[in-house]
Amino acid sequence: MSYISESPCPSGISFRKSLQQFVKGKKDYPGSVISTVAGEISCTYQLDDAWQKVLTTMSPEVILKAQITTPAQVNYLTSQACPRLTANDFDTIKGGKQYLMESTRKDGVAYAFKVMPLQKASTSARLKEFFNTNDVRLVNLQGVMKIETSFEQRCEYIHKTGKSPVKSILRGVQDIRASTTR
């Protein structure tokens with residue numbers, strides 16, 4: 001997350017805060033979240049012929065999307081956040097179910113991916129697959145992540161600069177540079 005102040009900084013605050021810290025000790029100013037806007041990421045997987053065959057789809061790719069609703073999800077998001085899909089995930093993809101992935105960087109942070117609908121193959125192709133008993137070897141798929149919508153939040157802090165309380169508003173936006181694919 002990258003934060004920028006929406007409130008102007010009072011003149012001379014640095015000197016006054018340094019003097020205050022010397023006299024009264026260091027202070028922390030807990031903030032409160034006043035608004036959030038959920039973000040969304042997508043993971044796109046290229047389907048080879050074998051995957052298209054078993055999924056009975058004409059789609060050249062499958063897309064998984066996840067909502068980003070907390071700063072922790074943003075802070076622990078990496079380009080490797082896209083789950084690796086294996087043959088064991090066939091039912092999840094085919095059924096358009098949810099795919100839950102825990103962060104490998106932080107316990108308790110999870111991403112709930114939803115499989116986007118696939119374009120069905122023609123009726124004759126689906127019937128042919130229904131009667132086809134050949135084993136098909138599926139390669140593991142690794143997705144490419146894209147930030148569809150950035151997560152945002154606004155936080156409010158109240159502090160005293162001299163005698164009167166001052167309200168500061170910080171706007172945080174998901175830092176796209178930290179989570180782009182490499």
Side-chain angles (χ1 to χ4, degrees), residues 1-46 59 61-85 89 92-93 96-118 141-182:
M1 297 281 297
S2 296
Y3 289 88
I4 4 175
S5 177
E6 291 184 347
S7 309
C9 200
S11 62
I13 192 168
S14 179
F15 172 73
R16 286 187 265 175
K17 285 297 172 190
S18 296
L19 184 60
Q20 180 186 42
Q21 183 176 349
F22 179 72
V23 174
K24 294 183 178 180
K26 187 176 178 176
K27 288 195 167 200
D28 288 328
Y29 298 96
S32 58
V33 176
I34 55 176
S35 69
T36 60
V37 176
E40 183 179 64
I41 61 170
S42 66
C43 293
T44 303
Y45 302 82
Q46 297 302 315
S59 298
E61 59 192 22
V62 64
I63 299 172
L64 277 61
K65 291 189 176 185
Q67 293 289 311
I68 304 297
T69 57
T70 67
Q73 286 178 314
V74 173
N75 292 336
Y76 293 102
L77 183 64
T78 67
S79 59
Q80 290 79 31
C82 292
R84 181 175 290 278
L85 300 179
D89 299 313
T92 301
I93 298 167
K97 298 177 185 170
Q98 193 175 49
Y99 188 99
L100 189 66
M101 185 177 148
E102 295 283 331
S103 172
T104 58
R105 297 175 61 206
K106 176 77 172 169
D107 289 339
V109 176
Y111 304 92
F113 287 93
K114 176 150 179 39
V115 179
M116 297 294 100
L118 295 170
L141 301 175
Q142 183 59 52
V144 176
M145 188 181 75
K146 178 182 175 190
I147 296 172
E148 299 290 336
T149 308
S150 295
F151 173 81
E152 295 183 28
Q153 77 175 10
R154 291 177 67 227
C155 300
E156 178 180 81
Y157 297 86
I158 306 289
H159 58 89
K160 284 191 174 180
T161 306
K163 296 179 182 177
S164 58
V166 176
K167 183 189 310 186
S168 294
I169 306 287
L170 294 180
R171 179 176 171 259
V173 177
Q174 184 172 358
D175 189 351
I176 294 173
R177 292 170 295 155
S179 55
T180 54
T181 56
R182 297 182 212 325

Exercise. In Å and rounded to the nearest 0.5 Å, what is the OG1 to CZ distance from T36 to R154?
Worked result: 11.5 Å
For this session: Considering non-hydrogen atoms only, spot the tightest contact between G96 and V115 and give its length.
Result: CA-CB, 3.9 Å
Exercise. Does the side chain of C82 come within less than 4.5 Å of Y45's, by heavy atoms?
Worked result: yes
Problem set entry | I68 to F151 - nearest heavy-atom pair and separation | O-CD1, 3.4 Å
For this session: For Y76, look at atom OH and say whether over 12 heavy atoms of other residues, nucleotides or ligands are found less than 6.0 Å away.
Result: no
Problem set entry | Closest non-hydrogen atom pair, V173 against S150 | CG1-CB, 4.2 Å
For this session: Kindly say whether Q73 contributes a backbone atom to a donor-acceptor pair with the side chain of T70 at under 3.5 angstrom?
Result: yes
Exercise. I41 pairs by side chain to side chain contact (heavy atoms under 4.5 Å, CB included) with which of L77, V74, L64, T149?
Worked result: L77
For this session: Give, for atom CG of L85 and atom OG1 of T92, the distance between the pair rounded to the nearest 0.5 Å.
Result: 9.0 Å
For this session: Quick one: pull up CG in N75 and CD in Q174 and give me the separation to the nearest 0.5 Å.
Result: 9.5 Å
Exercise. From E156 CD over to L170 CG, what is the distance, rounded to the nearest 0.5 angstrom?
Worked result: 10.5 Å
Exercise. What is the minimum heavy-atom distance between A110 and E102, and which atoms define it?
Worked result: CB-OE2, 3.8 Å
Problem set entry | Gap separating the NZ atom of K65 from the CZ atom of F113, nearest 0.5 angstrom | 12.0 Å
For this session: Examine the side chains of T44 and E61 and answer whether a donor and an acceptor come within less than 3.5 Å of each other.
Result: no
For this session: Search all heavy atoms of P83 against all heavy atoms of Y99 and return the closest pair with its distance.
Result: CB-CE2, 3.1 Å
For this session: Grab the two heavy atoms, one from I169 and one from S7, that are nearest each other, plus how far apart they are.
Result: N-OG, 2.8 Å
Exercise. Just how far is it from atom OG of S168 to atom CD of E6, taken to the nearest 0.5 Å?
Worked result: 11.0 Å
